[in-house]
K.L.:
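Before I ask anything, let me first share the structure, which is written out below as C-alpha cells.
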Amino acid sequence: MSLDRPNLISFQSLRRILLSVLTAFILLKLISSLVGTFDRPQIQGKFELYQTNLVLVASEWKPTEDLEGLGALQTSIVGTDILKSATQQYQNARSSDVLAIEKLKTSLAGLGSAESNANTKESLALQTNLINKTIAAAQLEIERIDLRIGILQAANKQPEQAIVTWHKVITDASRSTSKNVAASLIGIWQKSPSIDRNTLPQIKAEITTNFDGWFRDRILTQVYTDLDDRPELDKLAIAEQLKAKNALIKLALITIPRVLLGVSGVFLLVFFIVRLIIIAIQQRKERSVPEILLAHLNPWQTPWDWEIVWQVFVVGFFFVGQFLLPAIFSILVEPATLTTRGQGLYVFSSYVLMASLGIGVLFLSIKSYMPLPPDWFKFNWRSNWLLWGIGGYLIATPIVIVVSLINDKIWHGQGGSNPLLQIVLEGRDSTALVLFFVTAAVAAPLFEEFLFRGFLLPSLTRYVPVWGAIAISGLVFGVAHLSLSEILPLTTLGIILGIVYVRTRNLLAPMLLHSLWNSTTLASLFILGSGN
C-alpha cells in the first residue's frame, strides 16, 4: 500500500500539469477565436438582406380576382413603404461594413506598430494578410450595396439621387467591374439613355452577371421601357408575377410560423407566471416565493469532483474539437477548397468524430464511478418529455428573440456567426443540405445536451446551487460556439435548456427543444436562400 501511494500521487500531479498546460493553450485559442469574430459580420445581416430582397420581389405581386383576399396577407407580410424600408436596410448594412473596415484598419495599425522578432514576424504577416483580405471583401460588399441602393432610389422616382450614388461608386470603387456597372446604370437612367439595340446584348449580359431578383428585373424594365420593347416588357411582367407569387409563399412560410410560435410562447410564459403567482398566494403561509421557485431545483448526487469535469471538457471537448481534429483534417483536406457537398460531408463527419471522441473521453473519465445514481443521463420515453420539449421551445422563441434584438443593438451587425449558417443560406445542393440538417438537428442536440446538460450541469450542483449550475452551463454552452455576437442569445437558450432538464430529469426534453430550435433555424435559412 505504501509503495502504490507515491505512484498515485505522481500520476495525479502529472495529470494536473498536463491539464493545466492544455487549459492554457485552450484559453489562448478560445480568446483568439472569439476576438477573431469581433469584426466579422453576423449571419443576421445577410439574413435581413436576403429577406429584404424576397420582400421586394413579393411586393410586385398583383393578385387576380380569385385571389384578392391574399392582398391583405401580402400587405401584412410585405408592408406598405417597401422601397423606403429596403433602402434603409441596405444603408444599415453599408454602415455595418464601413464600421467593420474602420475596426479592421485600427487592428492593422496595431499590428504595424507591434514589436516583433523572428518568431512573430511570420505570424504578424499572416494576420496582416488576413485582415487585408477581409477589408477588401468588405469594400467589395459596400460597392455591391451602393449599386443596389442606387437602383432602389431610381425605382422610388429619385433618378438624380441614384446617379449621384453611382457616380460615387465610379469615384471610390476598388474594382473596375463595379465602375463599369455603375457607368452602365447611369447610362440607363440618365435623361437621354445611351442604350440602343446594338448595345442591348452586352447590357443584358452585364445585368445578368451582377444582379438577380428584383434588382435585375427593375433594370431590365427600365431598359425595355427606354427601347419601347412591348413584347419583352410583357414577357418580363409575366415572369415577374410568377416569381412574386412564389416569393410571397416563401415569406409566409417564414413569417407566419415565427409569429404563431412567438405568440404561443408569450401566452405559455404568461400562463406559467400566473400559475406561479396563484401557487405563491395559496402557499404564502407555508413557503416563501423563493422556496416555491426553487422547489424543483434539487441537486444531483455527484460522485466525482471538479477535476473530472475539468478533464472531460478540456480533453474531450475543447482539445479534441479545437486542436486535435482540426490538425488532422488540415493535413487531409482544405475545407475552403471543397464544394458545397464536400463541405456538408466535412461538417458532418468531423462533428460525428468529435462527438464520438468526446463521449469516449467522458466514459473513460467516469467509468470508475459506475454504477451511477439513477437520475444521471436519464432517458425516459414514457414521461412528459414531449410536452416539456415543445413547451420549452415555444417559451424560448419570444425570449431569445427579445434578447437577440438587444444583442443586435450591442454588436451592430458584427461579432461573427456560425459559418454553417452562411453555407446553408447560400447552398443549393440538396445532399449537402441534408447533411447539414442531420448535423445540426440530430447530431448536435444529442451530443451537446448529453455533455452540457447531462454531465456539466449536474456535476456543477456539487459546488453551486442548481440555479447557478444552470447559469454556468448555459454560459459555457454560449461561449463554446466561438462567436462573440452569439454568446448572449445562446447563453439564454442554454439556460432555458437547463431549466427544462432540471424540471424533467430527462435528456429527451432538452434534446427535443434543441433539435426543434436548430431545425426551424435551418429551415428558415433554406427557404430564404432558395428565394434568392
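We number each residue from 1, following the sequence as shown.
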K.L.:
State, yes or no, whether a side-chain contact exists between Glu60 and Lys245 at a heavy-atom distance under 4.5 Å.
P.N.:
no
K.L.:
So among Phe450, Phe447, Phe477, which one has a ring pair (Phe, Tyr, Trp, His ring centres under 6.0 Å) with His514?
P.N.:
Phe477
K.L.:
Taking the side chain as C-beta and beyond, is there a heavy-atom pair between Val347 and Leu435 under 4.5 Å?
P.N.:
no
K.L.:
Do Thr492 and Ile399 have side-chain heavy atoms sitting under 4.5 Å apart?
P.N.:
yes
K.L.:
Are Glu240 and Lys243 ion-paired here, with the side-chain N under 4.0 Å from a carboxylate O?
P.N.:
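No, Glu240 and Lys243 are not salt-bridged.
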K.L.:
Taking all non-hydrogen atoms of both residues, which atom of Leu490 and which atom of Gly478 are closest, and how far apart?
P.N.:
CB-CA, 3.8 Å
K.L.:
So, Ser515 side chain and Leu512 main chain: donor-acceptor pair closer than 3.5 Å or not?
P.N.:
no
K.L.:
With side chains defined as the heavy atoms from C-beta onward, is the minimum distance between Trp388 and Leu508 less than 4.5 Å?
P.N.:
no
K.L.:
Could you tell me the separation between the CD1 atom of Ile395 and the CG atom of Leu513, rounded to the nearest 0.5 Å?
P.N.:
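So the gap between those two atoms works out to 9.5 Å.
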K.L.:
Of the non-hydrogen atoms in Arg453 and Leu497, which two are nearest, and what is the gap between them?
P.N.:
NH2-CD1, 3.4 Å
K.L.:
Could you tell me which non-hydrogen atom of Arg218 sits nearest to which non-hydrogen atom of Ala155, and how far apart they are?
P.N.:
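Arg218 and Ala155 have their closest heavy atoms at CD-CB, 4.3 Å.
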K.L.:
Could you tell me the separation between the CG atom of Leu261 and the OH atom of Tyr393, rounded to the nearest 0.5 Å?
P.N.:
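With rounding to 0.5 Å, CG (Leu261) is 4.5 Å from OH (Tyr393).
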K.L.:
Can you tell me if Ser483 uses its side chain to pair, donor with acceptor, with the backbone of Ser485 under 3.5 Å?
P.N.:
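Pair absent, no side-chain N/O of Ser483 close to backbone of Ser485.
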K.L.:
What's the separation between atom CD1 in Ile495 and atom CD1 in Ile499, rounded to the nearest 0.5 Å?
P.N.:
7.0 Å
K.L.:
Quick one: pull up OG1 in Thr431 and CG in Leu345 and give me the separation to the nearest 0.5 Å.
P.N.:
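Thr431 atom OG1 to Leu345 atom CG measures 10.5 Å (nearest 0.5 Å).
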K.L.:
Any Lys/Arg nitrogen of Glu143 or Arg148 sitting under 4.0 Å from an Asp/Glu carboxylate oxygen of the other?
P.N.:
no
K.L.:
Do the side chains of Phe267 and Phe272 get nearer than 4.5 Å, heavy atoms only?
P.N.:
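No, every pair of side-chain atoms sits at 4.5 Å or beyond.
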K.L.:
Within a strict 4.5 Å, meaning less than it, do heavy atoms of the Leu54 and Trp214 side chains meet?
P.N.:
no
K.L.:
Does NZ or CZ of Arg505 come closer than 6.0 Å to the centre of the six-membered ring of Trp300, within 45° of the ring's axis?
P.N.:
yes
K.L.:
Given 3.5 Å as the limit, does a donor-acceptor pair link the side chain of Asn518 with the main chain of Ala440, or not?
P.N.:
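Yes; judged by distance alone, with no hydrogens or angles, the pair exists.
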K.L.:
A cation-pi test, strictly: NZ or CZ of Arg144 under 6.0 Å from the centre of the six-membered ring of Phe211 and no more than 45 degrees from its axis. Yes or no?
P.N.:
no
K.L.:
Can you tell me how far apart CZ (Phe318) and CZ (Phe323) are? Round to the nearest 0.5 Å.
P.N.:
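Between atom CZ of Phe318 and atom CZ of Phe323 there are 11.0 Å.
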K.L.:
What distance separates Glu206 CD from Ile219 CD1, expressed to the nearest 0.5 Å?
P.N.:
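If I round to the nearest 0.5 Å, the distance is 9.0 Å.
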K.L.:
When you compare the side chain of Val352 with that of Ser356, does any pair of heavy atoms fall below 4.5 Å?
P.N.:
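SC-SC contact between Ser356 and Val352 confirmed.
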K.L.:
Do other residues, nucleotides or ligands put more than 12 heavy atoms under 6.0 Å from Phe377 CZ?
P.N.:
yes
K.L.:
Could you tell me whether the side chain of Phe452 reaches within less than 4.5 Å of the side chain of Phe313, counting heavy atoms only?
P.N.:
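When only atoms from C-beta onward are counted, Phe452 and Phe313 do touch, with a gap below 4.5 Å.
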